[in-house]
Amino acid sequence: MARYEAVIGLEVHAQLGTESKIFCSCSTRFGDEPNSNVCPVCSGMPGVLPVLNEKVVEYAVKMGLAVDCRINGKSVFARKNYFYPDLPKGYQISQFEEPLCEHGRVVVEMEGGTKSFGITRIHMEEDAGKSIHSPAENVSYVDLNRTGVPLIEIVSEPDMRSPEDAVAYLKELRSILVYLGVCDGNMEEGSFRCDANVSIRPLGQEELGTRAELKNMNSFRHVQKALEYEIARQIDLLEDGEAVVQETRLYDADKGVTQPMRGKEEAHDYRYFPDPDLVPLVLDPAWVDKWRGELPELPGPRRGRFESRYGLPAYDAGVLTAEREVADYFEAAVAEYGEPKKISNWIMTDLLRQLSQTGLGASECAFGPKSLAGLVRMVDEGAISQKIAKDVFLELFETGGDPEAYVREKGLTQISDTSALEAAVDRVLSENPKEVEAFRAGKKKLMAFFVGQVMRKTKGQANPAVVNELLARRLG
Amino acid sequence: MSRICDKSLSGLRGLLAAGEVKAAEAVEACLERIRATEPTVRALISVQAEQAMDRARALDAAGYDPDMPLWGVPVVLKDVLATKGVATTCASKILENFVPFYDATAVARLKRAGAIILAKANMDEFAMGSSTENSAFFPTTNPWDPERVPGGSSGGSGASVSAGQCFAALGTDTGGSIRLPASFCGVVGLKPTYGRVSRYGLVAYGSSLDQIGPMTRGVEDAARVLQVIAGHDPRDSTSVDRPVPDYLEALGRSDLKGLTIGLPEEYWGRGVSAEVAESCREAVALAEELGAATVPVRLRLTDFAVAAYYIIALAEASSNLARFDGVRYGRRDRDSADLLDMYVKSRTQGFGEEVKRRIVIGTYVLSAGYYDAYYRKAAQVRRLLRRDLDAAFEGCDLIAGPVCPTTAFRLGHKVDDPLAMYLMDIFTISANLAGLPGLSLPVGLGTESGLPVGLQLMGPAFGEDLLLSAARVLEEAIAPLPAPSGLA
């Protein structure tokens with residue numbers, strides 16, 4: 001590997017979360033009955049015409065602004081011509097020579113510093129439908145619900161040099177899209193899709209090698225694995241004196257390999273030309289300014305602010321800001337109780353684990369930031385132990401509720417009263433004479449055992465600090 | 001009864017309003033005329049006799065409504081306009097059994113205005129042609145001479161109006177397809193400014209050039225129909241959101257004083273037959289008598305216009321016709337081995353020769369390596385041509401010339417010579433490329449052929465009111481054409 005360098009460029013298709021399709025008023029809802037969200041326009045009936053959904057322009061421009069693109073005052077829709085049954089018009093409306101956004105960049109925090117990856121262009125286009133093949137019946141079905149769902153294609157410069165670069169770029173891009181509220185970022189449902197162009201070249205060589213295009217990577221892990229495999233494959237080829245073939249390869253997640261796309265690899269000539277049914281899109285600078293003003297704080301700047309304002313380590317700031325909902329949750333909790341690091345710990349461990357187990361988003365969680373803040377405060381004030389707090393969190397995670405009231409109701413308040421704990425301590429010591437002897441003989445590690453026994457006797461409500469102190473006094 | 005059919009649309013309106021003729025009687029008269037003339041003319045692909053009678057009776061039952069400007073008026077539609085529940089074939093086998101579940105906007109507007117849809121008119125397949133001989137079903141003949149073509153591609157619409165089968169027809173014009181048949185059939189045909197009439201529901205041929213327009217027996221009739229179909233449509237992004245003037249009010253002019261008519265050298269010279277030149281010159285002389293001034297203008301790019309047109313229109317057509325793939329509607333070959341086979345067979349069987357020729361040419365000019373030489377160059381020529389016309393309109397109000405170098409030619413005469421057929425459009429194409437309105441006005445019968453000659457008036461963008469008012473003044477000064485000679 002040391003002798004070679006990989007060059008990676010990525011094409012991302014992000015589905016925009018508009019209510020209706022890009023050129024008609026049909027719903028974009030996912031998972032409906034096949035062909036229920038169709039009309040003459042998106043099913044390509046004769047004589048019908050597309051009308052651009054303004055919301056699509058807004059979303060696409062916002063993404064362009066978020067990644068520092070130049071927003072072109074005039075952009076042109078073009079037809080990409082090819083035949084396929086799930087492409088009803090025989091062409092896809094896209095943008096070609098004059099896209100909406102150009103020359104942007106994404107800045108990513110990585111181990112070893114900050115990296116900037118260039119964005120060549122962002123353009124709007126319509127999605128195609130879905131073909132469902134049924135070999136048993138020897139027929140294919142076409143579902144046009146997805147036809148005309150708005151997409152933006154985000155094309156990067158070939159700036160990435162490793163699978164890690166590619167994944168970091170993709171994660172950042174996805175995070176920005178979700179922050180903007182223009183895409184749900186769901187890779188499994190196909191709202192966020194990625195193709196990669198990969199080539200390798202000997203280190204120090206300027207000229208690019210022959211590239212392969214990788215498709216069918218449905219998660220960040222797939223991207224990582226597919227790129228690793230492909231880079232190794234290309235290096236092996238060159239080492240063996242063979243040549244890389246320019247082709248499209250599909251990633252097989254089960255086998256962990258990339259394979260040439262089956263069937264004839266036809267050199268497509270898409271015969272792009274300006275779509276005469278749509279007038280050139282001329283943007284009023286006032287709209288762009290308005291949309292710029294509506295941009296939320298983006299993950300990069302927010303990460304920086306979390307470090308400087310809350311004094312969080314870079315790692316915490318990165319985790320907390322990766323998703324807008326989580327970052328919002330954090331800030332709401334800190335506003336209630338100003339202990340950022342403690343709240344960060346709770347979110348990064350307990351909350352995120354529970355969210356990922358239940359599949360909920362932070363904003364959907366019944367145990368809101370106010371509750372979490374209350375819980376942390378009670379631990380700090382010694383009202384409950386850390387362990388009890390964890391139990392309360394799990395109890396209330398799905399139902400929600402005020403942790404203080406819950407603790408009161410269930411009698412979980414921590415016992416810090418020395419007199420109340422002395423009896424338990426004495427009983428533990430009298431029940432475990434051998435251990436007491438061993439401790440006194442120097443086996444100091446047994447302290448933890450005694451503490452544990454006392455905690456058990458008090459059903460976890462004992463204040464561990466007080467227990468420690470009492471034990472030390474008795475055994476000392 | 002058949003005398004009703006000899007009235008103009010405006011004349012019929014008067015009778016309908018006065019209650020002297022019922023809508024049902026108007027429809028019956030048209031159906032009778034259709035029965036009498038169709039065996040010769042063959043202007044119509046389908047006749048909606050029952051629906052039309054039902055609609056007429058419903059209108060009669062409700063009573064005359066002065067707010068419906070075309071109340072009870074039977075009209076014919078070129079079969080390229082989508083009609084809800086009525087087959088829309090584009091004169092192609094590939095759409096032979098296609099029944100849309102939506103109306104074209106222009107059709108919906110006609111219906112709302114009280115018009116009665118009588119029939120769907122024959123045409124060159126997908127509007128590709130200049131003679132209506134490219135219909136996949138049958139050729140239409142010229143009511144003035146059954147041996148001759150009616151022009152195209154809206155030949156069925158022109159012949160139907162000329163034969164008195166209806167009071168107005170809608171045609172479509174991509175390179176002259178309204179004006180040419182209007183000229184050959186001796187009727188008025190108006191191609192509006194691009195964007196004046198919604199294209200929604202017009203099965204596209206050359207999307208950046210196509211416009212729907214009226215074909216009628218008189219200028220006032222054309223104004224009445226245009227009034228109804230013109231205007232912005234949110235379903236067509238290329239339709240222009242701009243107030244529609246009152247075209248009838250614009251007809252008030254009694255002379256042409258103060259108007260300057262530009263005469264392009266390129267339109268009056270070589271290639272124009274003597275009889276066409278003569279009729280058109282007489283009309284221009286008459287315009288001068290009526291107070292118009294004439295000035296020579298230059299349209300230097302006229303020769304390139306034909307080439308640019310056939311590149312742009314065919315490029316767009318090759319893409320527009322891709323949707324006819326046998327997957328969702330239209331003809332599908334049922335015995336295909338695989339997907340490619342189904343595409344190839346369905347399209348091979350479904351499209352006629354001229355359509356295939358145009359798809360192939362259009363595909364070629366968009367192909368990698370040829371795009372710059374053809375499509376991009378043609379788009380540049382188009383921009384220059386537009387500039388030329390804009391410049392010309394700085395020195396004149398209207399531009400006049402023949403619609404076509406000749407009168408109607410014989411059936412079969414040019415079918416084997418596509419290039420000669422394409423040159424029929426040489427004077428009409430510029431208006432499409434520049435998006436300007438053009439009107440064909442019958443100005444007499446050729447001294448040699450005895451067939452109608454059309455004078456083309458072109459106006460600046462959205463100058464339909466001016467075009468119509470000038471045409472109306474000329475129309476009144478010119479002796480009206482007799483009844484078509486081919487219908488004994």
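Residue numbering restarts at 1 for every chain, and letters A, B, ... go by the order of the sequence lines. All values below were derived from every heavy atom in this structure, side-chain atoms included, with hydrogens, water molecules and symmetry-related copies excluded.
- When all heavy atoms of B:Asp236 and A:Val51 are compared, the closest pair comes out as N-CG2, 4.3 Å.
- Closest non-hydrogen pair, B:Thr238 versus A:Pro276, comes out as CG2-O, 3.5 Å.
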* **Test log, rule side-chain contact (heavy atoms from CB on, under 4.5 Å), inputs B:Leu366 and A:Tyr272** => CA-CA 7 Å; B:Leu366 289 176; A:Tyr272 282 99; over 6 Å; no

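- Heavy-atom distances place no part of B:Ile312 under 4.5 Å from chain A, backbone and side chain included.
- Summarising the local packing, CD of A:Glu19 is surrounded by 12 or fewer heavy atoms from other residues, nucleotides or ligands at distances under 6.0 Å.
- In this structure, the portion of B:Tyr329 lying under 4.5 Å from any heavy atom of chain A is its side chain and not its backbone.
- For a residue to count as touching a neighbouring chain, one of its non-hydrogen atoms must lie under 4.5 Å from one of that chain's; by this rule B:Tyr194 touches chain A with the side chain only.
- With a threshold of 4.5 angstrom between heavy atoms, B:Thr105 does not approach chain A through any atom at all.
- With a 4.5 angstrom heavy-atom cutoff, B:Ala315 touches chain A only via backbone atoms.
- Note: A:Pro88 leads A:Pro50, A:Ser140, A:Pro88 in heavy-atom pairs under 4.5 Å with chain B.
- Using a 4.5 Å cut-off between heavy atoms, B:Asp210 makes no contact with chain A at all.
- Neither the backbone nor the side chain of A:Tyr82 comes within contact range of chain B, judged by heavy atoms closer than 4.5 Å.
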* To do: Could you walk me through whether B:Arg347 and A:Phe83 pass the side-chain contact (heavy atoms from CB on, under 4.5 Å) test, one step at a time?
  => CA-CA 12 Å; B:Arg347 288 168 67 83; A:Phe83 284 96; 3.7 Å; yes

* **Residue pair B:Arg328, A:Leu144: steps toward the side-chain contact (heavy atoms from CB on, under 4.5 Å) verdict** => CA-CA 11 Å; B:Arg328 295 165 317 286; A:Leu144 297 180; 4.0 Å; yes

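- Residue B:Arg357 places its CZ atom among more than 12 non-hydrogen atoms of other residues, nucleotides or ligands, all under 6.0 Å distant.
- Of the listed residues B:Cys90, B:Pro234, B:Ser319, B:Ser237, the one with more heavy-atom pairs under 4.5 angstrom with chain A than any other is B:Ser319.
- For the atom pair NZ of A:Lys89 and CG of B:Leu321, the computed distance is 14.5 Å after rounding to the nearest 0.5 Å.
- Within 6.0 Å of atom OH in B:Tyr374, 12 or fewer heavy atoms from other residues, nucleotides or ligands are found, so the atom counts as exposed in its surroundings.
- Of the listed residues (A:Ser43, A:Gly44, A:Gly90, A:Cys24), the one with the most heavy-atom contacts under 4.5 Å to chain B is A:Gly44.
- Chain B forms the most heavy-atom pairs under 4.5 Å with one residue out of A:Pro46, A:Pro40, A:Pro85, and that residue is A:Pro46.
- Both the backbone and the side chain of A:Asp277 come within less than 4.5 Å of a heavy atom in chain B.
- For B:Lys377, the NZ atom is loosely surrounded, since the number of other residues' heavy atoms within 6.0 Å does not exceed 12.
- When A:Leu87, A:Asp275, A:Leu278, A:Asn81 are compared by the number of non-hydrogen pairs under 4.5 Å with chain B, A:Asn81 comes out ahead.
- A:Asp269 contributes a side-chain N or O that, together with a main-chain N or O of B:Ala368, makes up a donor-acceptor pair within less than 3.5 Å.
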* Go through the steps for B:Arg199 and A:Leu49 under the test side-chain contact (heavy atoms from CB on, under 4.5 Å), then give the verdict. => CA-CA 8 Å; B:Arg199 292 186 297 115; A:Leu49 297 168; 4.0 Å; yes

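- The most heavy-atom pairs under 4.5 Å with chain A, out of B:Thr88, B:Asn320, B:Val365, B:Asp325, come from B:Asn320.
- With a 4.5 angstrom heavy-atom cutoff, B:Val327 touches chain A only via side-chain atoms.
- Environment of CG in A:Asp289: crowded, with over 12 heavy atoms of neighbouring residues, nucleotides or ligands closer than 6.0 Å.
- Between chain A and the residues B:Tyr370, B:Phe101, B:Tyr343, B:Phe324, the largest count of heavy-atom pairs under 4.5 Å involves B:Tyr343.
- Other residues, nucleotides and ligands place no more than 12 heavy atoms under 6.0 Å from the CD atom of A:Glu54.
- Nearest heavy-atom pair across B:Arg376 and A:Glu97 is NH2-OE2, 2.7 Å.
- Between the OH atom of B:Tyr102 and the CE atom of A:Met45 there is a distance of 4.5 Å, given to the nearest 0.5 Å.
- A donor atom on one side chain and an acceptor atom on the other are found under 3.5 Å apart for A:Tyr91 and B:Arg323.
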